Amino acid sequence: MTKVLPLIEKIPQTILGFLESSPSCWSSSLSKTTQAHAHLLKSGAQNDGYISAKLIASYSNYSCFDDANLILQSIPDPNVYSFSSLIYALTKAKLYSQSLGVFSRMFSRGLIPDTHVLPNLFKVCAELSAFRAGRQIHCVSCALGLDGDGFVQGSLFHMYMRCGKMGDARKVFDRMRERDVVTCSALLCGYARKGCLEEVVRVLSEMESEGIEPNVVSWNGILSGFNRSGYHKEAVEMFQKMHHLGFLPDEVAVSSVLPSVGDSERLDLGRQVHGYVVKQGLLKDKCVISAMIDMYGKSGRVYGIIKLFEEFEVMETGVCNACITGLSRNGLVDKALEMFELFKEQKMELNVVSWTSTIAGCAQNGKDIEALELFREMQVAGVKPNRVTIPSMLPACGNIAALVHGRSAHAFAVRIHLLDDVHVGSALIDMYAKCGRINMSQVVFDMMPTKNLVCWNSLMSGYSMHGKAKEVMSIFESLVRTRLKPDFISFTSLLSACSQVGLTDEGWRYFGMMTDEYGIKPRLEHYSCMVSLLGRAGKLQEAYDMIQEMPLEPDSCVWGALLNSCRLQNNVELAEIAAEKLFGLEPENPGNYVLLSNIYAAKGMWEEVDSIRNKMEGLGMKKNPGCSWIQVKNKVYTLLAGDKSHPQIDQITEKMDEISKEMRKSGHLPNLDFALQDVEEQEQEQILWGHSEKLAVVFGLLNTPEGTPLQVIKNLRICGDCHSVIKFISGYAGREIFVRDTNRFHHFKDGVCSCGDFW
DNA sequence: GTAGGGTTAG
């Protein structure tokens with residue numbers, strides 16, 4: 001200071017006074033700061049650490065960080081205060097990374113942080129979830145002996161909490177001399193978020209012995225902590241405990257616990273809470289109403305939803321959103337859409353949740369085209385899709401193989417930096433796989449910075465859908481080497497892949513490994529896979545034995561797997577047994593009748609074929625209308641079996657005739673076993689040619705450039721005749737053709753199908 | 001100069 005004093009003497013009192021005044025006075029004007037700056041530059045006083053610090057603080061106060069930084073860099077000897085003014089201002093302006101950068105410059109100059117900078121730095125680390133940096137700075141503060149300071153401890157505790165490091169947070173907490181209810185509440189909430197019920201209880205009793213009374217915020221923090229992390233049982237338990245201890249839950253408590261009540265299927269408790277809410281007069285709170293609607297929706301009580309909605313007088317976005325979700329959750333997607341339209345008409349303010357809920361409702365209930373249309377419409381309406389919207393709409397793209405829409409959603413996700421989100425990533429992997437682009441699934445997977453089990457499972461199920469068993473197994477091996485544990489879904493993909501390509505030994509090995517090494521009890525879907533696996537290997541009797549010995553009651557999937565295996569192996573006896581079971585389990589499903597009839601037909605048992613047809617007629621049952629989708633030039637086209645009203649029907653028929661002639665020339669005859677109609681042979685052939693997958697493929701041939709791949713989805717299992725025709729077309733027309741039926745992909749190329757004719 | 005609680009979308 002002594003060296004500087006003469007300099008300060010040269011500075012006019014007005015400027016010195018301005019710089020030394022408190023920040024609240026600086027707001028007078030930025031021009032005063034620039035004036036001061038100019039003067040200081042002239043006098044050379046700017047180089048003084050103390051003066052420059054004041055100047056930096058002053059510029060920072062006006063968010064002129066560039067000027068502040070410039071000064072910091074131009075002075076030869078900045079002090080801690082020079083740096084910390086900038087750090088403080090940057091942190092306040094939420095420019096966290098920059099703040100950390102300034103600190104590292106300060107530290108590398110050998111300047112020692114003090115108890116004023118440290119809390120700022122810990123706040124920065126908390127906001128950035130920069131645990132490693134935070135811990136390093138913690139070490140520095142210990143080495144400097146500053147970790148006993150109250151402010152340092154408080155911010156350090158907060159930093160560890162925000163990074164989810166409960167162990168470290170607890171250690172800091174234990175060293176604190178004074179603990180108030182605010183800090184304790186934060187600790188309680190942190191433990192609840194981790195699902196640590198025991199720790200929550202322990203902290204509560206510690207508080208009691210220290211004479212710190214938990215308040216309503218403490219309790220609500222516990223409830224919301226458990227609820228947010230999916231610890232429903234614990235949330236409910238603590239809610240009851242709170243009530244038991246005489247704390248009256250307020251509107252925050254009620255809206256925090258209700259989602260958990262709904263998820264833990266405790267309608268009884270939900271009704272009790274409803275009664276309490278009425279008694280306490282909390283029904284005017286919008287969050288309480290939304291949460292209550294959500295709870296009734298999760299419990300399947302549509303009437304409860306409607307009643308609450310009608311009773312609530314104000315039209316409130318959150319309440320409406322909860323209604324939309326509740327209705328679609330219970331399959332009433334049309335009603336939900338109706339409501340959504342009504343909200344639009346009434347010029348209600350629809351937010352991103354409103355749009356996303358409606359889109360998700362559509363995609364989950366077979367309204368895929370509507371979902372894509374809504375996604376477009378929301379952007380036109382100026383509502384920006386977010387990290388939830390994208391994974392809600394992507395399944396719709398996958399369902400109907402709308403690759404163009406899926407790709408543009410991918411591009412959108414890249415633009416708004418969503419690729420590090422596991423939900424977005426998994427949904428993209430699934431979408432690309434279902435659109436026949438398994439290579440893109442792999443690319444998305446490889447580029448994800450962090451992956452959870454859902455990502456791995458999506459990739460495995462994608463390859464499995466494509467019949468690529470080797471890939472599924474090698475991904476599984478890689479998965480095992482991570483810290484993640486495979487679950488029952490991982491094994492479903494593995495077993496399904498093995499069964500598709502006939503890897504019997506591997507299938508058995510994984511089936512055993514699932515229980516022995518991972519303690520996962522086989523579910524119905526695993527048994528279905530095993531039945532298919534054995535069936536494909538021709539071991540039908542073993543498959544039947546397995547069904548009879550399995551500890552679960554076999555469902556339609558298991559018997560369906562057996563029936564399909566019987567079709568592959570031409571086994572009528574077991575087919576009849578399986579079919580009888582299926583007729584009992586799914587009396588409404590015509591597919592089972594058709595399958596059995598195909599088996600009879602293949603054996604030339606025409607009387608039995610007739611009797612099945614009569615049975616179906618007697619039950620008033622019709623074959624499910626076959627339906628296929630194909631995307632041509634950004635538009636998805638739907639083709640129905642036997643649809644003669646199609647605008648391009650003449651061209652389609654002409655092309656089909658051409659293909660038919662070519663096929664006969666090369667010795668292919670139509671397989672009439674799949675016709676299932678009591679008509680003349682020629683007519684039967686025409687019926688076969690009217691199958692939707694053939695129509696879609698031919699439609700694709702006509703409307704896309706030569707040589708480009710075609711992609712078709714079918715709502716039923718692909719028929720055997722279509723399979724051979726499409727194989728032929730792939731060679732004859734020189735096209736790669738992907739057909740996705742109900743459970744897998746057929747990749748036709750050069751006259752061969754990837755399934756090896758087993759499906 | 002640090003520090004606590006809510007609903008509805010995957």
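If you're wondering where the values come from, they're calculated on a predicted model, not measured in any experiment. Each chain gets a letter, A, B and so on, in the order its sequence line appears, and its residues count up from 1.
In this structure, A:Thr115 reaches the bases: a heavy-atom distance under 4.0 Å links it to at least one base atom across the strands shown. Within 4.0 Å (heavy atoms only), A:Ser290 reaches at least one base atom of the nucleic acid. Across all strands shown, A:Pro395 has no heavy atoms under 4.0 Å from either base or sugar-phosphate atoms.
Note on A:Gln153: every side-chain N or O is 4.0 Å or more away from OP1 and OP2 of B:dA3. Contact annotation: A:Asn227 side-chain N/O to B:dG5 OP1/OP2 distance is not under 4.0 Å. Under 4.0 angstrom from either OP1 or OP2 of B:dA3 there lies no side-chain N or O belonging to A:Arg162.
Side-chain atoms of A:Asn220 and base atoms of B:dG4 include no donor and acceptor less than 3.5 Å apart. Taking only distance into account, the side chain of A:Asp250 never meets the base of B:dG6 through a donor-acceptor pair shorter than 3.5 Å. Residue A:Asp114 places no side-chain atom within donor-acceptor reach of the base of B:dG1, judged by atom type and a 3.5 Å distance cut-off alone. For A:Asn215 against B:dG4, a side-chain-to-base donor-acceptor contact under 3.5 Å is present. Taking only distance into account, the side chain of A:Ser255 meets the base of B:dG6 through a donor-acceptor pair shorter than 3.5 Å.
Using the six-membered ring where Trp is involved, A:Phe445 and A:Trp456 have ring planes that are perpendicular, over 60° apart on the 30 and 60° scheme. Ring planes of A:His243 and A:Tyr276: perpendicular class, angle over 60° (limits at 30 and 60°).
With rounding to whole Å, A:Ile359 atom CD1 is found 19 Å from B:dT8 atom P.
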